[in-house]
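Chain naming here is simple, since letters A, B, ... match the order of the sequence lines and numbering starts at 1 in each.
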Number of protein chains: 2
Amino acid sequence: MKNVFTFVHMFTLAEENYMKAIFHLEHESAGEVSTNAIAESMATKPSSVTDMIQKLAEKKLVVYKRYKGAKLTEKGKKIAANVIRKHRLWEVFLVEKLNFHWDEVHEIAEQLEHIQSEELITRLDKFLGSPDFDPHGDPIPDKHGVLKRTEKKLLSEIEKNQKGVCVGVRESSADFLQYLDKKKISIGTKITVLGKEFFDGSMIIQVGNQQFFISHKIAENLYVQTL
Amino acid sequence: MKNVFTFVHMFTLAEENYMKAIFHLEHESAGEVSTNAIAESMATKPSSVTDMIQKLAEKKLVVYKRYKGAKLTEKGKKIAANVIRKHRLWEVFLVEKLNFHWDEVHEIAEQLEHIQSEELITRLDKFLGSPDFDPHGDPIPDKHGVLKRTEKKLLSEIEKNQKGVCVGVRESSADFLQYLDKKKISIGTKITVLGKEFFDGSMIIQVGNQQFFISHKIAENLYVQTL
DNA sequence: TTTTATTTTTAGCCAAGGCTAAAATAACGC
DNA sequence: GCGTTATTTTAGCCTTGGCTAAAAATAAAA
Ligand SMILES: [Mn+2]
Ligand SMILES: [Mn+2]
Ligand SMILES: [Mn+2]
Ligand SMILES: [Mn+2]
């Protein structure tokens, strides 16, 4: 049901990116998001951030009190979730249909997520079989912006002799993803913790019939579901 | 062979759109393209056009002499052709894979044509089976920007009792395309000219087992290849 | 409770890409 | 050839979204 008379508010690329960044930061640690945190996550300057969140506040997309940081309104949250939905659906497309590797898709999806067309996303979603997760194991919000939360743990939180199946990555830099490839770890891979060093959090794990050492840095960037 | 050290010049959305518009206008009528023509085709003001073509001239993308209009350089031509290549490949994707109708895809392709990634287009092209034409019958430039020219005529140029097969549309407004649908005319449809009125250029044509009247306005917007 | 350090905001500047109004140039009609 | 008209350019202004430097507010230390 396409309604030509419904004026669909458009947002600029910059506005969408700010809302998305705030959305992610709110999920990392509850409460208001600081100006500095936004600036860092967007590789921009705090003064630029102040400027933009003031504009977003005027448009009722965030609530903002001077020196207190910003928080998305319901409307802002919906818009951000929709941008993330688009990002992740396009990532699925790039991997599943165009055979890109999971470490190559993020930059392209950063551009594709801003394409404006409800209908396009509806059809893309259908074409892809309405996937629930993107190639990095991140959940895809539904068309109302609702994210189903799954109970997943960081591999670093798992105890010796426990097993888990890899369900996602916390970081998705190409470097990290390529490391995982080299170790034959991908979404769905079963991992057993054979040993854990208290001093530095490093582990010995079993993947398939290989056993090897991983640092804490690796373990705290891999999400697993315990079995 | 991806070469990370080759700096790929990026152009802004506005620059790409100007080059594309000039490219199309050059093909409509040879020689320099006038400021006013560009302004009209882009729904902008002549003063804005002058501004931009001066910038494009500095970047050696067009040659420009005051009051003499603009003409793309080889480099400019290549960039424009590549944008058009992307536009038309995305239109094929939208119609062939997402089942959009041919009158719905242009606006979305206007956005998608600016996505920056060589690799993406290489893979998209392959995914689509390296099509030669877009859903409106327009040829898709190859990766070097070369357009294969086909000999096609406007239906209005065809004489009484000649037959032709529809190979494209000169206009692709939704209104016109929807008219063609209603008349069951699409790319590949065989059309026979049964009668032609000299006074106003209107025609009686046969399409399938239907015979009907069309105005000159219709006939001069349909490309056919005579049989 | 001061002093100091950190965070955040303000003020002022810049480039891109629009616009309008006015000036300059070219083209046309006689 | 000359005045009129149309086209094109310039000048000056605006908005968006950046930036730096300085000021203000808050937080941490002493
Ligand atoms: Mn991503
Ligand atoms: Mn992802
Ligand atoms: Mn088109
Ligand atoms: Mn087309």
Are A:F23 and A:Y18 close enough, and set up right, to give a ring-ring contact (aromatic ring centres under 6.0 Å, His included), and what steps lead you there?
CA-CA 9 Å; A:F23 186 95; A:Y18 271 96; over 10 Å; no
Give a yes/no answer on whether the side chain of [X] brings an N or O atom under 4.0 Å of OP1 or OP2 in [N].
| X | N | answer |
| --- | --- | --- |
| A:T12 | D:dG17 | yes |
| A:Y18 | D:dG18 | yes |
| B:T35 | D:dT9 | yes |
| B:Y64 | D:dT8 | no |
| B:S34 | D:dT7 | no |
| B:R66 | D:dT10 | yes |

If only side-chain N and O atoms count, and only distance matters, is there a donor-acceptor pair under 3.5 Å linking [Y] with [X]?
| X | Y | value |
| --- | --- | --- |
| B:H24 | B:E28 | no |
| A:N221 | A:E171 | no |
| A:H106 | A:H136 | no |
| A:D200 | A:S202 | yes |

Rounding to a whole Å, what distance do you find between [X]:[atom1] and [N]:[atom2]?
| X | N | atom1 | atom2 | result |
| --- | --- | --- | --- | --- |
| A:L13 | D:dG17 | CG | P | 9 Å |
| B:N36 | D:dT8 | CG | P | 4 Å |
| A:E16 | D:dT16 | CD | C1' | 15 Å |
| A:I38 | C:dT7 | CD1 | P | 15 Å |

So if I take every side-chain heavy atom of A:P46 and compare against C:dT9, D:dG17, C:dC19, which nucleotide ends up nearest?
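Nearest listed nucleotide: C:dT9.
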Of the candidate nucleotides C:dT9, D:dG17, C:dA24, which contains the atom at the shortest distance from the side chain of B:Y67?
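For the B:Y67 side chain, the nearest candidate turns out to be C:dA24.
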Contact class for B:S47 vs. all strands (heavy atom < 4.0 Å): base, sugar-phosphate, or nothing?
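Here B:S47 touches the bases of the nucleic acid.
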Which part of the nucleic acid, if any, lies within reach of A:S48 when heavy atoms closer than 4.0 Å are counted: base, sugar-phosphate only, or nothing?
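A:S48: base contact, heavy atoms under 4.0 Å.
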Taking the nucleotide of DNA chain D with the nearest heavy atom to each, does A:K68 or A:A43 sit closer to the 5' end?
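Nearest nucleotide further toward 5': that of A:A43.
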Which parts of residues 51-60 of chain A get close to DNA chain C, meaning a heavy atom less than 4.0 angstrom away?
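The stretch gives A:Q54 as the residues lying under 4.0 Å from the strand, ordered by number.
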Compute both the distance and the angle, then confirm whether A:K59 meets the cation-pi test with A:F11: under 6.0 Å from the six-membered ring centre, within 45 degrees of the axis.
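No; the conditions do not both hold, so A:K59 does not lie above the ring face of A:F11.
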Pair A:K65 + A:E32: basic N to acidic O under 4.0 Å
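No salt bridge links A:K65 with A:E32.
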